[in-house]
Amino acid sequence: MRLGTDVYKQDGIKLAKDLLGKILVRKIDDRLIKCKIVETESYIGPEDKGCHAYKNKRTKRTEVMFWEGGHAYIYLIYGMYNCLNIVANCKDKPEAVLIRGVEPLSEIETLKEKRNIKSNKIEDLTNGPGKLCKALEITKELNGYDLIHGDELYIVENDEEFEIVEAKRINIDYAQEYKDKLWRFYIKNNKFVSKKSSTD
DNA sequence: GTACCGATGTTCT
DNA sequence: GAACATCGGTACC
């Protein structure tokens, strides 16, 4: 069962928690890569100084964040890596959830080929926002993609019990008082979380 | 295990 | 021209 608008239209913090444990599906050449979402971060424009859409800053890059919840917001960071976000809330409310870590459930060999790294550890394939985008071939071509109706990238339900850890977001030192907000969420004791918190 | 460093390109000032 | 929601390698403990 795919997630529908009722889920995506929640605010960015509720959505970040709701997405944990759900299954992200990427279709490439008739192969289905399935990954469990294990780590997320909320970005809440216009108030959040860490958010690209702080003060409702609407540019070519941030445009998708202003769309209705349920689209993919993908941008290039440090000139090299893409980051996948899920747009939350209603139209003109620029909120999004960054996917920071996923646990592969299928097509491990495909992921290894796409990543092409020396490490043999499975967790190194997808335990970071740039890594998982490379592994799943998520590029800016999918920016603005409709996760509710599209076939190449979408999210499905998954019922599972787990404990959620709340932590500070990563690498947003410039965000002043907003850098200490506990807007990062992850599944406790999961190996595919990019960075453990000291309170874990 | 931690620490630093360079790669790289788009966006916005 | 600077900043950037990162990563992988190397050099050290």
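Convention: sequence-line order gives letters A, B, ...; per-chain numbering from 1.
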is_close_aromatic(A:His52, A:Tyr43), centroid dist under 6.0 Å: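 No, ring centres 6.0 Å or more apart.
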
Return the pairing partner of C:dA5 with a 3.5 Å limit on both distances, Watson-Crick or G-U wobble; otherwise return none.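 WC or wobble partner does not exist here.
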
Could you identify the nucleotide paired to B:dT8, looking across every strand shown and requiring Watson-Crick or G-U wobble geometry with both distances under 3.5 Å?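 The answer is none; no pair meets the criterion.
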
Could you please name the option among [options] that lies closest to any side-chain atom of [X]?
{"X": "A:Tyr75", "options": "B:dC12, C:dA5, B:dA7", "answer": "C:dA5"}
{"X": "A:Tyr174", "options": "C:dG8, C:dT6, C:dC4", "answer": "C:dC4"}
{"X": "A:Lys140", "options": "B:dT13, B:dT10, C:dC7", "answer": "B:dT10"}

Could you tell me whether A:Ile172 contacts a base, only the sugar-phosphate backbone, or nothing, with contacts defined as non-hydrogen atoms closer than 4.0 Å?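 Here A:Ile172 touches the backbone only, sparing every base.
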
Look at all strands and tell whether A:Gly79 reaches a base, only sugar-phosphate, or nothing, counting heavy atoms closer than 4.0 Å.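 Touches a base.
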
Nearest whole Å is fine: how far is C:dG8 P from A:Lys118 NZ?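 Rounded to the whole Å, the gap is 12 Å.
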
For A:His52 and C:dC4, give me the distance from atom NE2 to atom C1', rounded to whole Å.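 From A:His52 NE2 to C:dC4 C1': 7 Å.
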
Side chains of A:Asp48 and A:Lys181: closer than 4.5 Å at any heavy-atom pair?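 Of all side-chain heavy-atom pairs linking A:Lys181 with A:Asp48, none is under 4.5 Å.
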
Is the ring centre of A:Tyr78 under 5.5 Å from the base ring centre of B:dA7, and are the two planes under 30° apart, so that they stack?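 Taking the rule of under 5.5 Å and under 30°, the ring of A:Tyr78 does not stack on B:dA7.
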
